[in-house]
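Reading through the structure tokens given below for one structure.
What you see is a predicted model, and the numbers here were worked out from it, not measured in a lab.
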Amino acid sequence: MAHVPFFIFLSFILNIFTLFTIYPYLYASLSDEFSIIGFDFDDFHGDYMPPSPPPPLPPPHPPSLSCENDLHGTGSLDTSCELNSSSIFSNHVYIEGNGSLHILPSVNLSCPVLGCSIFINISGDFNLSSNSLIIAGTVIVKSGNASLLEGSVINVTGLAGAPPPQTSGSPSGVQGAGGGHGGRGASCVTDNTKLPDDIWGGDAYSWSSLDEPWSYGSKGGTTSKEDKYGGEGGGRIKFEIADSIELSGDLLADGGDGGIKGGGGSGGSIYIKSHRMTGSGRITASGGNGFAGGGGGRVSINVFSRHDDTEFFIHGGRSLGCPENSGAAGTYYDAVPRSLTICNHNLSTQTDTLLLEFPKQFLWTNVYIRDHAKALVPLYWSRVQVRGLIRLTCGAVLSFGLAHYASSEFELMAEELLMSDSEVKIFGALRMSVKIHLMWNSKMLIDCGADSIVATSLLEASNLVVLKESSVIHSNANLGVHGQGFLNLSGPGDLIEAQHLVLSLFFSINVGPGSVLRGPLVAAGDSDMTPQLYCDLADCPMELLNPPEDCNVNSTLVFTLQICRVEDIAVQGIITGSVVHFHWVRTVVIHSSGAVSTSRLGCTGGLGKGFIDGGVTYGDADLPCELGSGSGDASLAGATAGGGIVVMGSLGHSLSVLSVNGSLRADGESFGEDIRGQDCRSISSIGPGGGSGGTILLFVQTLSLGDSSIISAIGGHGSPSGSGGGGGGRIHFHWSNVPVGDEYVPLASVKGSIHTGGGFGRGQGLPGKNGTITGKACPRGLYGLFCQECPVGTFKNVSGSDRALCHSCLPNDLPHRAIYVSVRGGVTETPCPYKCISDRYHMPNCLLILLALVLSVARMKYVGVDELTALVPARHETRISHSFPFLESLNEVIETNRTEESQSHVHRLYFMGPNTFSEPWHLPHYPPEQVMEIVYEDAFNRFVDEINCLAAYHWWEGSVYSILSVLAYPLAWSWLQRRRRKKLQQLREFVRSEYDHACLRSCRSRALYEGLKVAATSDLMLAYLDFFLGGDEKRPDLPHRLHQRFPMSLIFGGDGSYMAPFSLHSDNILTSIMSQSVPPTIWYRLVAGLNAQLRLVRRGRLKITFGRVMSWLDTHANPTLCAYGVSIHLAWFQPTASGYWQFGLVVRATENDRTDLPSEGLNESRIPGKQSCFPRIPRNQVDHVRVNEHLMTSRRMAGEILNAKSLRTLKEKETISYPFTFIIYNTKPVGHQDLVGLIVSVLLLGDFILVLLTSLQLYSVSLLDFFLVLFILPLGVLYPFPAGINALFSHGPRRSAGLARLYALWNITSLVNVVVAFLCGFLHYTVHSNKKHSPFQSWNFSMDESGWWMLPSGLALCKIIQARLIDCHVANQEIQDHSLYSNDPNVFWQS
């Protein structure tokens, strides 16, 4: 027996070694500085930690039962065993084999004995079929795969064996309390000396093994000493599956019901370990129902791949004796994501689920507390740390510490803390560190008791803090809320309050409508945690003016609410406190619904407390920092307090912007306005006077006070018994870095109210005296509270804010006809600046210089040239150069001048369409008859598709044109010509180098990329495609002679508009072809004369102007051409779907065709005189139709020859610009080219001067009118001048004419601006005609004069005359041979 103690000692040592080997983290925790093991718990008011149970005993391993003999099945456990009959056992069961076990439907295996175990250990599959049942105290299944089909049940409810030793899960006594396990059991005992949280039944245990739970539930308590009525605890279920488990059945490990006389048993343990899990079964380890409900059990799932939809129940049992206090919830642990769930299934409870020590090496990921679960962290100086989020929802409660021993500090660390309809209670202090903290109808209550050691709590949310739906963060001590992102109190009921509150380091803080930031508390008691105000301190605390930079929570400072190092603050709710400070803040915006208030939160006594004669004045008006004083005796009913203090900014860091649309108050308290510690008893009319106003000290750079804003520090009103009113407080604006001189900008925009009045006295009481409103001394030139510029006519050369410092300027320094002018930043010295004025117009010197320069240039251009003409050699011009101005140089045409091209030319195919964005160029989809023998028709059609696609414009090009047409049409025209030129270049490049000429039959043409050429007229409105022979066709009949081409169409370029008049483009190919019958000199003269006549054709008046061309053809052209067997007729061609058609000539042979006439060597005797051999076109309609059909259908030409009758039926479309065609149009030359140019230059200068005067006239009336005239159309009134200068001083007739047309467009467009100027002038003359004259006459027009219309009218007349002269100038430049317009054919041909 002597060796027994030594054996026990060795066993103890061995157990300790095994414990630290299996659980190495216990050793690590010993070395942790904050480990609970290293402290004496008695020194901390009895810290509570339930003892951990010893490791459970290994399951029994009796001999395995056989399939057929013992289990009455078929087969073998080493292959496949099927159980088709039920079995009942009375002792432990062990089933082992290398095969599979199948329990068929409706088969039961039962061992209904407390603690009885069924251990199934097989290598193959385990199947529990539908409606099958296994009942025991412990069920262990180890297999390769497992299947629990729908309707199958493994039930260990109420069959628990003995709970682990050294645990208190089973309650003692006869209170009928519930048993505890994962959560505490409930107790229905009522004890007025204890808090509800201090009463519970059976305690929780097995916290350290919740990841692999293997403890029985505990038995519930009884209400009788004789009988044990309590329900039994839940049993244990374990599945260790190598591969996959299908869980469609139920696993039940609930505590047993205790009925009305006993407490419910606690739930048991369920542990599942597998690689894969499927199914939609039910897992429950809930507490049993009873007089008091049992606590929930523990469930753990360790499955790598989960595809199940399993329901879990771990709630406490219902309490029949106290329905509002069910058993505490158990725990559900998911091992793979390492998340812990505590859920009470919406059963209300006052009983806690204990959360003991959290792991420190392998942190849990998430913790979920939901559905009215109540969790408690009871260990002192505990840390709750997870890697992910902590979520509390649906009535959940999480408590830290014990209510009676609020003397510990707790840590909460997570990525996110999400709270919804939940509550967090801290008894002690909390240091929270999260990234996101969201609260929805939730509360965080911090109660530090009376222990100053744990009086400060710090909540840090680095990214986001949001309170919604009446969420509250409350502390009865010091509270710091820090972050780097956004703090948002969203709306009504949201509240953050503490005795000493510090908000810091956020980027932005939003105090939403109805939300509150408060410090100190409203109903704070006289405890150590109540802030001690500096009421009797005569000197200003330095931290008000130069606060610390660290923004830490420091209860020794005077602030009760501080917002520190925050960029932007938006106040739509209320910020209130005794000493409110905004430090290192950039922008504060107080909206109309917002308020920052320290009213009635100052001193009850103070330096100026009330006496019989009233309190004395105290403090410094230039830099105030004092609290308001009260009635002087806080013990009296209805004692009043003064206003607090609001400080925004500091001497070192001022606010950039303060915008107030709501209220900023530090008012004193009026008698009866508030009850301070009077237990709501009635207050008589006999009472003290009102409290004095507090202090509002603003260190700002820019201030904005809206219409409804209020800054107030008024005194409170006295009692009706005859008490006096409180004195007004102090408001001071301490401006930072007041800009001066040219850098000055207004510091304040004040539309609201600023009050510092004294309170009203009642009865015999006197009113309080007014307080002070002061500002920082303003620099020179500025004065007043807001440092504004001294009035015009005054100067200020000293620092100060008094209005009297702005002295009047000396009158002797002001010249006659001069007025003082304002200077940015104010006038700082004499003499004061002024400007001279005159009675009428005063032309600026720069304008006179500009006009002189322009006139000098004009003189050099037009006068200087005439003076130097004698020095320049005479220019010998041939007759032909004057005869065809459009062909001054044949090298100017787009196509090259090569004789071999005309010899191989077959046909010219004209493009259809005017080459606009709405109707681009396009070719017809059938080859003309003239080229049918040299092209492949299918290939030609493909070529047409490609070239038509290339000729089309993009949508954005037309959009730009449409926009420019509205804003400035000349720019739109330039844009159109630019895009036309680009499009022609693309077509030419395509035909020249990109297209393979596959449509041509000639092999040589296809090989050399020859045979097709694209060209266009100079106005870019008419394009044509020339076909040439390749040289290998071996067709002697090609190309056709001239008379074989008849009738031949020659289409005009242009469209008859001002910018693009009609013209016949005759290049070397056409001239060479026509020379087969008509001599080139005759043809050149004919083209020049025809183009001169076509210039006069006007779009909109085609019927009249084309008639003159037809007459000219009859009198001048055809009589001469008839001698060569050729006649020409005016016709229209190629109508398009949009109604556009082209005009041109039809060339045909006369009836007396003289093909034997030579084409060269023509002398003047060959030119016919008055007799013509050309037969007239029949005048009746039948003959006309017959001729047209003969001419057009013979060559499939789409069109019609025009005569007098068909011309009358010609329809034209009128555009919006039609009225302007009466002002600008092409006319005949008038000669006197230099004189016309000089007059145009003079009118251009007059136009420019009138534009300036009109602009100045409108500018003197209204800046809006000035901009209307200038930008409707945009800058249109200014562009004619540079356009005119560019046109008049350009070289070359053709270039000058083109630029002059653009100049004419700008000139006529600017009439719109002139009309706008006229309307503006008329409107202002009508409105202001009855107003008095200004005492000074400016150099602009005064709008009270009746001659307001003179400048706009003169400008309009100038532009109209200018337009007509530009038309003459263009005609002189383009037509320099006046004989082209001779009415005598002989003069025309012989000139």
Side-chain angles (χ1 to χ4, degrees), residues 182-183 207 210-211 296 298-301 306 309-316 328-349 352-356 358-359 362-377 382-400 410-426 430-446 459-473 481 483 485-488 490 494:
W207 167 264
L210 64 80
D211 55 341
R298 298 192 188 276
V299 176
S300 177
I301 306 296
R306 294 190 59 174
D309 190 18
T310 309
E311 293 183 299
F312 295 87
F313 297 93
I314 51 173
H315 58 81
T331 60
Y332 162 50
Y333 181 73
D334 196 345
V336 173
R338 301 181 65 83
S339 65
L340 176 65
T341 301
I342 302 172
C343 173
N344 212 33
H345 206 62
N346 288 322
L347 297 178
S348 61
T349 183
D352 296 318
T353 300
L354 300 185
L355 304 180
L356 301 179
F358 276 56
F362 300 99
L363 299 178
W364 288 343
T365 302
N366 303 318
V367 173
Y368 304 97
I369 305 173
R370 55 189 178 92
D371 297 338
H372 288 86
K374 190 170 184 290
L376 170 64
V377 180
S382 294
R383 174 187 292 178
V384 175
Q385 182 176 4
V386 297
R387 291 188 302 173
L389 60 86
I390 298 176
R391 174 177 292 172
L392 288 76
T393 57
C394 301
V397 178
L398 175 61
S399 301
F400 292 84
F410 301 93
E411 291 185 78
L412 189 153
M413 305 177 69
E415 288 288 310
E416 301 177 16
L417 175 59
L418 309 180
M419 302 173 61
S420 175
D421 297 303
S422 58
E423 192 171 302
V424 174
K425 297 179 180 179
I426 300 97
L430 176 66
R431 291 185 180 270
M432 183 185 78
S433 178
V434 299
K435 290 185 178 179
I436 296 176
H437 185 192
L438 306 180
M439 300 179 65
W440 179 284
N441 189 26
S442 300
K443 295 181 180 179
M444 178 177 285
L445 308 177
I446 304 174
L459 310 181
E460 180 180 353
S462 58
N463 291 348
L464 182 65
V465 180
V466 177
L467 282 71
K468 280 193 173 184
E469 298 297 325
S470 302
S471 295
V472 175
I473 298 178
V481 182
F486 184 41
L487 170 61
N488 183 20
S490 303
D494 295 327

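Within the 4.5 Å cutoff, the side chain of Leu354 has no heavy atoms near those of the Trp207 side chain. In this structure, the side chains of Val377 and Leu412 stay at 4.5 Å or more apart for every pair of heavy atoms. Counting heavy atoms from C-beta outward, Arg383 and Met413 have side chains that approach closer than 4.5 Å. Side-chain atoms of Val336 and Arg306, non-hydrogen and from C-beta on, never get closer than 4.5 Å to each other. Looking at Met419 and Lys443, their side chains never come closer than 4.5 Å, going by heavy atoms from C-beta outward. Val466 is not listed as a side-chain neighbour of Trp440, based on a closest heavy-atom distance of 4.5 Å or more.
Partner of Lys468 under the side chain to side chain contact (heavy atoms under 4.5 Å, CB included) criterion, out of Ser420, Ser442, Ser490: Ser490 alone. Across Val465, Leu392, Leu398, Val386, a single residue satisfies side chain to side chain contact (heavy atoms under 4.5 Å, CB included) together with Leu417, and that is Leu392. Of the residues listed (Leu210, Ile314, Ile342), the one engaging Tyr332 in a side chain to side chain contact (heavy atoms under 4.5 Å, CB included) is Ile314, and it is the only one.
The line from CG of Asn344 to SG of Cys394 is 12.0 Å long, rounded to the nearest 0.5 Å. Distance check, rounded to the nearest 0.5 Å: CG of Leu459 to CD1 of Ile473 gives 6.0 Å. Rounding to the nearest 0.5 Å gives a distance of 9.5 Å between OH of Tyr368 and CG of Asp334. Rounding to the nearest 0.5 Å gives a distance of 9.5 Å between CZ of Phe400 and CG of Leu376. Taken from CD1 in Ile426 to CE in Met432, the straight-line distance is 9.0 Å, to the nearest 0.5 Å. To the nearest 0.5 Å, atoms NE2 (His372) and OG (Ser348) are separated by 6.5 Å.
Summarising the geometry of Ala461 relative to His437, their closest heavy-atom pair is CB-CB, 4.2 Å, with the distance given to 0.1 Å. Scanning all heavy atoms of the two residues, the minimum distance from Gly388 to Ala414 falls at O-CB, 3.5 Å. In plain terms, the two heavy atoms of Thr349 and Ala328 that are nearest each other are OG1-N, 4.3 Å. In terms of heavy-atom proximity, Ala329 sits nearest to Cys343 at CB-O, 3.3 Å.
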Go through it in stages, so that I can follow the logic: the residues are Leu340 and Leu355, the test is side chain to side chain contact (heavy atoms under 4.5 Å, CB included), and I'd like the CA-CA distance, side-chain angles, deciding distance and then a yes or no. CA-CA 10 Å; Leu340 176 65; Leu355 304 180; 4.2 Å; yes
Hey, mind stepping through Asn366 and Arg391 against side chain to side chain contact (heavy atoms under 4.5 Å, CB included) and telling me if it holds? CA-CA 8 Å; Asn366 303 318; Arg391 174 177 292 172; over 6 Å; no
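Taking the six-membered ring where the residue is Trp, His315 and His345 present parallel rings, their angle staying beneath 30° rather than reaching 60°.
Checking side-chain atoms of Arg338 against main-chain N and O of Leu363 turns up a donor-acceptor pair under 3.5 Å.
Shown here are the salt bridge (Lys or Arg N to Asp or Glu O under 4.0 Å) partners of Asp421, two or more places apart in sequence or in another chain: there are none. Every residue two or more places apart in sequence or in another chain that forms a side chain to side chain donor-acceptor pair (under 3.5 Å) with Glu415 is listed here: Lys435. For Asp494, the side chain to side chain donor-acceptor pair (under 3.5 Å) test picks out no residue, with sequence neighbours left out.
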